[in-house]
Number of protein chains: 2
Amino acid sequence: MVNYKEVKAEIISIGDELLYGQITDTNSQWISQELDKIGVRVVHRSTIGDNRDSILAAFADAEKRADIILITGGLGPTNDDLTKPLLAEYFGCGIEMVPEALEAVRTFFEKRGRELTELNRFQAHLPTKCNYVPNDLGTAPGMWFEENGKKWMSMPGVPHEMKNLMTQHVIPKIRSLFTLPNIYHKVIKTVGIGESWLADLIKDWENNLPSHIKLAYLPSLGQVKLRLTAFGEDPIDLQNDVENEIEKVKPLIEKYIYGYNKETLEETVGRLLKQKDKKVSLAESCTGGYISHLITSIAGSSDYFQGSMIPYHNTFKNKLLGVENEILETYGAVSEPTIIQMAENIRKKFNADFGLASSGIAGPGGGWAEKPVGTVWIACDFEGKTVTKKLQLTQDRMLNIQLTAVAVLNLLRLSILEKTE
Amino acid sequence: MVNYKEVKAEIISIGDELLYGQITDTNSQWISQELDKIGVRVVHRSTIGDNRDSILAAFADAEKRADIILITGGLGPTNDDLTKPLLAEYFGCGIEMVPEALEAVRTFFEKRGRELTELNRFQAHLPTKCNYVPNDLGTAPGMWFEENGKKWMSMPGVPHEMKNLMTQHVIPKIRSLFTLPNIYHKVIKTVGIGESWLADLIKDWENNLPSHIKLAYLPSLGQVKLRLTAFGEDPIDLQNDVENEIEKVKPLIEKYIYGYNKETLEETVGRLLKQKDKKVSLAESCTGGYISHLITSIAGSSDYFQGSMIPYHNTFKNKLLGVENEILETYGAVSEPTIIQMAENIRKKFNADFGLASSGIAGPGGGWAEKPVGTVWIACDFEGKTVTKKLQLTQDRMLNIQLTAVAVLNLLRLSILEKTE
């Protein structure tokens, strides 16, 4: 195995609005992830204000620590944006107009039918030591420097502009300049099991993982992601090694795995419904439309989503959804008999194959000894057979809504897998 | 006016999982906001890994730049958590068991019925130079140091533990140790007008703001927040000055202001409905349940939210919601005649005062020349009179859903204000 020299990167985010906490710095995390994927190690992230001394000091510190320095922000055309003149100062060079960059700015404004001001023209004036990197999505260009063996890239702070420059230019450039280890990532997405139970089920497999494959548990709301990362020389070998390990772990946790990599639970459910040519409809009470929103946030969901009803009060559970008043009065809205009728009736109303329902006490008010806040019934009806589940969740309203949504989507997923072929 | 010496702070976040981009650093932004509120200036934020040299270097750099150094993370009981031993090393002191801290850890585990392990006991061993700060929500205590005139606080990285330590101990401590300017913030929340139009409407007012009051525009999805910040000596004066300016700007943008400070648009709408004792119901097509979700995410919304229907297909718009087939066939689902019937019928179905409706082409598919992706009709019906609005939004499905939701909630807000007294 080749011994790779570790390639180190530092990220510098510039902007008073970051230091004052007015905006969230999502750029740094995204850049960290992208660098991690190609085997570059981020050793430091700094956030500094629009301040000469801070910026110059950050440049000098970064140069000591890293091979690659990625800078975002401070590139606007106004006076308080200092990154460009300070890069020129730091590298001891002048600033000159770059005709290609001017042409790009001009075209950018023409396309939008807006006038090119003197301030905008200044966007095309760049430090003479930099390589101009066109920014197709905005007016502030990327600037690439190579000095004393270190690589520098300055990018605008607007996330989609920065991401485009990273993907189109920076990542390929880094790959071409450095000998990086090959890396293969795969994420196993699980639902319906807590982190420690999952860890317990797979501990023997985990202990026997080959040393070039690392495992990370990434828990989120009601779900746990397992990320496998293999480092090595041959990309085909790495992929095979990871897939091989996944084949080994799969039988241990089969029913909890719903997808891989970026697939979300609502995408999985949509994919399954499409594959099986089945339709779904929902009666949402305590989740108040959130599950329907998740399902319909997926493009193409009109192929399998029929519609929903949110009968927030008993009157409408009876009048519009046909839940019997006797059931509601005897057992209450948050009960198994009610949830069964909700799921069955909503399926029929919308002529669907699967009828889903949620009814619970989201909180913070409305609970009592027998049915405390966080008590939720969910159900999935298929061909008149209803599977129900009682959840005992938290004191937090939003958390209860989100956890119920995950549980309902998972109930649907399991039902599709069991009930159809 | 007193001349305040600027108090500078630096935030250091420690953890490999941050540098690899595995978790989002929400702590730094939150701390920045809290410090900004009390007039402390954050001059630098650093994110570093669980690495001895990086951590010691970050301590030394921070000490040069700031008066207050706030550290989060790296306090777990396992070996890769280095913050505590390195703080002891940096300040040249030993680590000793603190009985009060041990008692707290013991109680923490007892309450949860879990056993106290050797590793957990080690949480009570602290650098001798620190002041122990109890962490009521976890096992890693806060540690306060005062050395060479600089103040240091080390906190766990778990957000709710850190926030509690900040609010209960760090902020009051900073206030007591430093002479800080008094600061009064107020945020005016607006909807239904873009940033540049808003700026145009209030430019004379803005230009005449007294020098001790600063204005910031904080735009987000379909909304713009105006943040007024006053710095000075007397808190009562500051509040009066800001409120006075707000009274002046109000008449210029009255219809766009929906609330102040943290109030969200869905909270405003809920508050108004409650005040007027009116109920609402929704027929959501292109928004797929998202607006109902926003409304029901507010605790107590069952007082004014009756329920919703999401008839995603024309069949159900007709069969369940009673939109006439002739209307659907002649004008289509995304049309003014359809949206009028949707709003009116949903109001009646749920016996509500206000009936809201959305129907549009969220994308990415489904558009055509006459009705491109992003075409959306919305409506609000009150007593059989329907106000409609056509929106021409973006190519992005999620953005279209979110912008439609803001527009519908604002339409409801304006309708409540106009139609009721």
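Letters A, B, ... are given to chains in the order of the sequence lines, protein chains preceding strands, and every chain is numbered from 1. This one's a predicted model, so the numbers in the text were calculated from it and none came from an experiment.
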Other residues, nucleotides, ligands: >12 heavy atoms within 6.0 Å of B/Lys319 NZ: yes
Taking every heavy-atom pair that is under 4.5 Å apart, which of B/Asp61, B/Thr26, B/Thr47 has the most such pairs with chain A? B/Thr47
Work out which heavy atom in A/Asn400 is nearest to a heavy atom in A/Ile361; give both atom names and the distance. ND2-O, 4.2 Å
Option in B/Arg41, B/His44, B/Glu34, B/Met309 with maximal non-hydrogen atom pairs under 4.5 Å from chain A: B/His44
For the candidates B/Pro311, B/Gly307, B/Ser302, which exhibits the highest count of non-hydrogen atom pairs separated by less than 4.5 Å from chain A? B/Ser302
Given heavy-atom pairs under 4.5 angstrom as the criterion, report whether the side chain, backbone, both or neither of B/Met398 touches chain A. side chain
Out of A/Ile298, A/Leu282, A/Leu294, A/Asp25, which one racks up the most heavy-atom pairs below 4.5 Å with chain B? A/Ile298
Begin from the C-alpha positions of B/Val187 and B/Leu226 and carry the test side-chain contact (heavy atoms from CB on, under 4.5 Å) through to its verdict. CA-CA 5 Å; B/Val187 177; B/Leu226 295 172; over 6 Å; no
Looking at side-chain heavy atoms only, is the closest gap between B/Trp30 and B/Lys163 below 4.5 Å? yes
Determine, stepwise, if the pair A/Tyr20 / B/Gln33 fulfils side-chain contact (heavy atoms from CB on, under 4.5 Å). CA-CA 6 Å; A/Tyr20 300 162; B/Gln33 287 170 340; over 6 Å; no
Report yes if the side chains of A/Arg397 and B/Ser301 come closer than 4.5 Å at any heavy-atom pair, otherwise no. yes
Cut-off 4.5 Å, heavy atoms of chain B, and the answer for A/Tyr290 is both
Please classify the contact of B/Ile291 with chain A as side chain, backbone, both or neither, using a heavy-atom distance under 4.5 Å. neither
Is atom NZ of B/Lys225 surrounded by more than 12 heavy atoms (other residues, nucleotides or ligands) closer than 6.0 Å? no
Is it the side chain or the backbone of B/Phe305 that comes within 4.5 Å of chain A heavy atoms, both, or neither? both
Donor + acceptor pair across side chains of B/Ser308, B/Glu284 (<3.5 Å): no
Show your reasoning for whether side-chain contact (heavy atoms from CB on, under 4.5 Å) applies to B/Tyr217 and B/Val224. CA-CA 7 Å; B/Tyr217 289 82; B/Val224 181; 4.3 Å; yes
Winner by heavy-atom pair count (cut-off under 4.5 Å) against chain A, out of B/Leu19, B/Leu35, B/Val42, B/Asn351: B/Leu19
Of the backbone (N, CA, C, O) and the side chain (C-beta and beyond), which part of B/Ile295 lies under 4.5 Å from a heavy atom of chain A, both, or neither? neither
Could you walk me through whether A/Lys8 and A/Arg65 pass the side-chain contact (heavy atoms from CB on, under 4.5 Å) test, one step at a time? CA-CA 8 Å; A/Lys8 295 177 182 170; A/Arg65 291 186 285 243; over 6 Å; no
Who wins among B/Gln306, B/Lys37, B/Gln22 for the most heavy-atom pairs under 4.5 Å with chain A? B/Gln306
Does the pair B/Asp36 and B/Arg227 meet the rule for a salt bridge (charged side-chain N to carboxylate O under 4.0 Å, His left out), with working shown? CA-CA 13 Å; B/Asp36 186 48; B/Arg227 190 176 65 170; 3.6 Å; yes
Can a side-chain donor-acceptor contact be found between A/Ser358 and A/Ser285 if the only test is distance below 3.5 angstrom? no
Side chain from CB out, backbone as N, CA, C, O: work out which of these in A/Ile401 comes under 4.5 Å of a heavy atom of chain B, or both, or neither. side chain
Sorted by number, residues from residues 9-18 of chain A in contact with chain B (heavy atoms, under 4.5 Å): A/Leu18
For a quick check under 3.5 Å, do A/Gln29 and B/Thr24 share a side-chain donor-acceptor pair by atom type? yes
Starting from the C-alpha separation in whole Å, work towards a yes-or-no answer on salt bridge (charged side-chain N to carboxylate O under 4.0 Å, His left out) for B/Lys279 and B/Asp353. CA-CA 5 Å; B/Lys279 320 259 185 206; B/Asp353 301 290; over 6 Å; no
Applying a strict 4.5 Å limit to non-hydrogen atoms, the region of B/Leu320 in contact with chain A is side chain
Pair count under 4.5 Å, heavy atoms only, with chain B: among A/Ala57, A/Ser297, A/Ala362, A/Gly49, highest is A/Ser297
Looking at A/Asn51, A/Ile31, A/Ile23, which one has more heavy-atom pairs under 4.5 Å with chain B than the rest? A/Ile23
Relative to chain A, which segment of B/Lys349 carries a heavy atom at a distance below 4.5 Å: side chain, backbone, both, or neither? both
